[in-house]
Engineer: 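One structure, as structure tokens, below. Some questions next.
Below, chain A is the first sequence line, B the second, and so on; all start at residue 1. Only a predicted model underlies this, so the values are computations on that prediction, with no experimental measurement involved.
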Protein chains: 2
Amino acid sequence: MEQETHLTESQPASPGTLRPGGRTAKVRRAVLDATQDALADAGFHALNMDRIAATAGVGKTTVYRRWGSPVGLVTDLLHDMAEQSLPASDTGSLAGDLRTNAELVRATLTDARMGAVFRAVIAAAACDEDCARALADFYRTRLGEWAPVVAKGAARGEIPAGTDPTELLRAVSAPLYYRFAVTREEVTADVAERAVTAALAAARDGVFIRA
Amino acid sequence: MEQETHLTESQPASPGTLRPGGRTAKVRRAVLDATQDALADAGFHALNMDRIAATAGVGKTTVYRRWGSPVGLVTDLLHDMAEQSLPASDTGSLAGDLRTNAELVRATLTDARMGAVFRAVIAAAACDEDCARALADFYRTRLGEWAPVVAKGAARGEIPAGTDPTELLRAVSAPLYYRFAVTREEVTADVAERAVTAALAAARDGVFIRA
DNA sequence: ATCTTAACGGAACCAGTCTCCCATTAAGGG
DNA sequence: CCCTTAATGGGAGACTGGTTCCGTTAAGAT
């Protein structure tokens, strides 16, 4: 809603888009870094615009003007995270690739810093629609990066043709995130392994064939 | 942390435990109802102790004293929700029972009121350890109620003996909650159906046999 | 090099939240 | 039925987080 506010005022565009040179970019970097730090060691509820401005070494007016609110910060952080994509693996077998994927997700969620960030992001998305959209985009991007892995597996005949790649990938991630965010159980290597095995078993049975 | 505060003071116990007669119980009921209403139509970020007190027709001091903070309210609401258990189904086949379970979860998450409550609860749990524990307890309870359904299915030979009941149930719920809380995709009947089919396929393959 | 103005930053200001104090009500025991 | 005291309730005051104003800095154009 802050976003809307200054758009409807006399401002021609949202700040940072018209003159995104050195200073503006530096400010954004500092603020997003500070945001991630804050989320990592205090969580979303403790996210405070004022403190972010202080640790980023930036005027708090700037933070309020450009991001508007704590969820605004998280939303932009999410956009930033979506931009820096990391490539999918290629172990030669679908099972191997999915195992790598699951292990990557597990490592991220288990990592003290990244785990806290993801927790915060999920909480923020539960509070705000814009943030929810950014989160959805983030995962759409991530799943899209891994989809070719599944397609190749299908081409090799490891799973039936017509299997929906992202559907299989979701099946791998779901048990990990479910434990991480909902039941708050520990996400062990065992859980990741079982997620892969289960998803593959279902895929072989043709459960994920696109309708 | 509020909880701790008045425990360490001169108070002998937390309020409401020593004299839980008519009034105290009535206050709790009113406050928890108001909390659920507030979560349903404004979300967790908008949860406000002051307003809760007003709509519950209760002094705000009472709300602060007994619950301390918004997460405190949600935590207690969660305990309350865990207490009112609803029984598992018995359609005669494991597939049927799991389908009922998945459909129940889907209906809950899709329902405007309950969906909002669950979203809020997940957000709150991401912010606070006590609340996280309460959430974990809630699901431990729920899964425990449905475990017999799986055991009976195993006894009937629909899935291998030694299958971990709650593990199978988690596999059914995970894709629904993953979409609901993480990727924020729509939780359709189709998704629920596929979750059941996939979980069953994996179970038949012995993926969920207890180590 | 100079100019225009987008974007930043400091400080005062305002508002909504929480806390504390003390009077009032009623639960549970005799 | 009465007494003790747990628990509630109203209101004043403090505090923190957010907003606005206006002067300053430097990006991008000429």
Engineer: Go through D:dG17, C:dC18, C:dA7 for me and flag the one nearest to the A:Arg51 side chain.
Structural biologist: D:dG17
Engineer: For a quick test of reading the model: is some side-chain N or O of A:Tyr64 closer than 4.0 Å to OP1 or OP2 of D:dG18?
Structural biologist: yes
Engineer: How many Å lie between CE on A:Met49 and C1' on D:dT20, as a whole number?
Structural biologist: 15 Å
Engineer: Based on the rotation axes of five pairs at each end, what angle does the helix from C:dA1-D:dT30 to C:dG30-D:dC1 bend through, to 10°?
Structural biologist: 50°
Engineer: In this structure, how many angstroms lie between the P atom of C:dG9 and the NZ atom of A:Lys26, rounded?
Structural biologist: 11 Å
Engineer: How close or far is atom P of C:dC8 from atom NZ of A:Lys60, stated in whole angstroms?
Structural biologist: 17 Å
Engineer: What class does the angle between the rings of A:Phe118 and A:Tyr177 fall in, given that below 30° is parallel, 30 to 60° is tilted and above 60° is perpendicular?
Structural biologist: tilted
Engineer: Roughly how many Å is it from NE2 in A:His45 to P in C:dC18, rounded to a whole number?
Structural biologist: 13 Å
Engineer: According to the salt bridge (Lys or Arg N to Asp or Glu O under 4.0 Å) rule, which pairs have a member within residues 81-95 of chain A, sequence neighbours left out?
Structural biologist: A:Asp90-A:Lys152
Engineer: For A:Leu39 and A:Ala120, which heavy atoms make the closest approach, and how far apart are they?
Structural biologist: CD2-CB, 3.6 Å
Engineer: Regarding B:Asp37 and B:Thr35, is there a side-chain donor-to-acceptor distance under 3.5 Å anywhere?
Structural biologist: no
Engineer: When the distance from CH2 of B:Trp67 to C1' of D:dG9 is rounded to whole Å, what number comes out?
Structural biologist: 14 Å
Engineer: Any donor-acceptor pair, under 3.5 Å, between the side chain of A:Ser69 and the base of D:dG18, if you only look at N and O atoms?
Structural biologist: no
Engineer: Looking at A:Asp80 and A:Arg29, does any basic side-chain N land under 4.0 Å from a carboxylate oxygen?
Structural biologist: yes
Engineer: Within the pair B:Thr62 and D:dA7, is there a side-chain N or O less than 4.0 Å away from OP1 or OP2?
Structural biologist: no
Engineer: Taking atom P of C:dA11 as reference, at what distance in whole Å does atom CG of A:Asp50 sit?
Structural biologist: 13 Å
Engineer: Is the closest side-chain heavy-atom distance between B:Tyr178 and A:Tyr178 below 4.5 Å?
Structural biologist: no
Engineer: Output the single nucleotide from C:dA7, C:dT17, C:dC20 whose closest atom is nearest the side chain of A:Arg66.
Structural biologist: C:dA7
Engineer: Provide, to the nearest angstrom, the distance between the CG atom belonging to B:Leu47 and the P atom belonging to C:dT17.
Structural biologist: 11 Å
Engineer: Which nucleotide wins on minimum distance to the side chain of A:Thr61, given the candidates D:dC21, C:dA7, D:dG9?
Structural biologist: D:dC21
Engineer: Are OP1 or OP2 of C:dG16 and a side-chain N or O of B:Asn48 less than 4.0 angstrom apart?
Structural biologist: no
Engineer: Looking at B:Val187 and B:Arg179, what are the two nearest heavy atoms and their distance?
Structural biologist: CG2-CB, 4.1 Å
Engineer: Just the rounded figure in Å: distance from C1' of C:dA27 to CZ of B:Arg28.
Structural biologist: 18 Å
Engineer: Any idea which of D:dG10, D:dG18, D:dT8 is nearest the A:Pro70 side chain?
Structural biologist: D:dG18
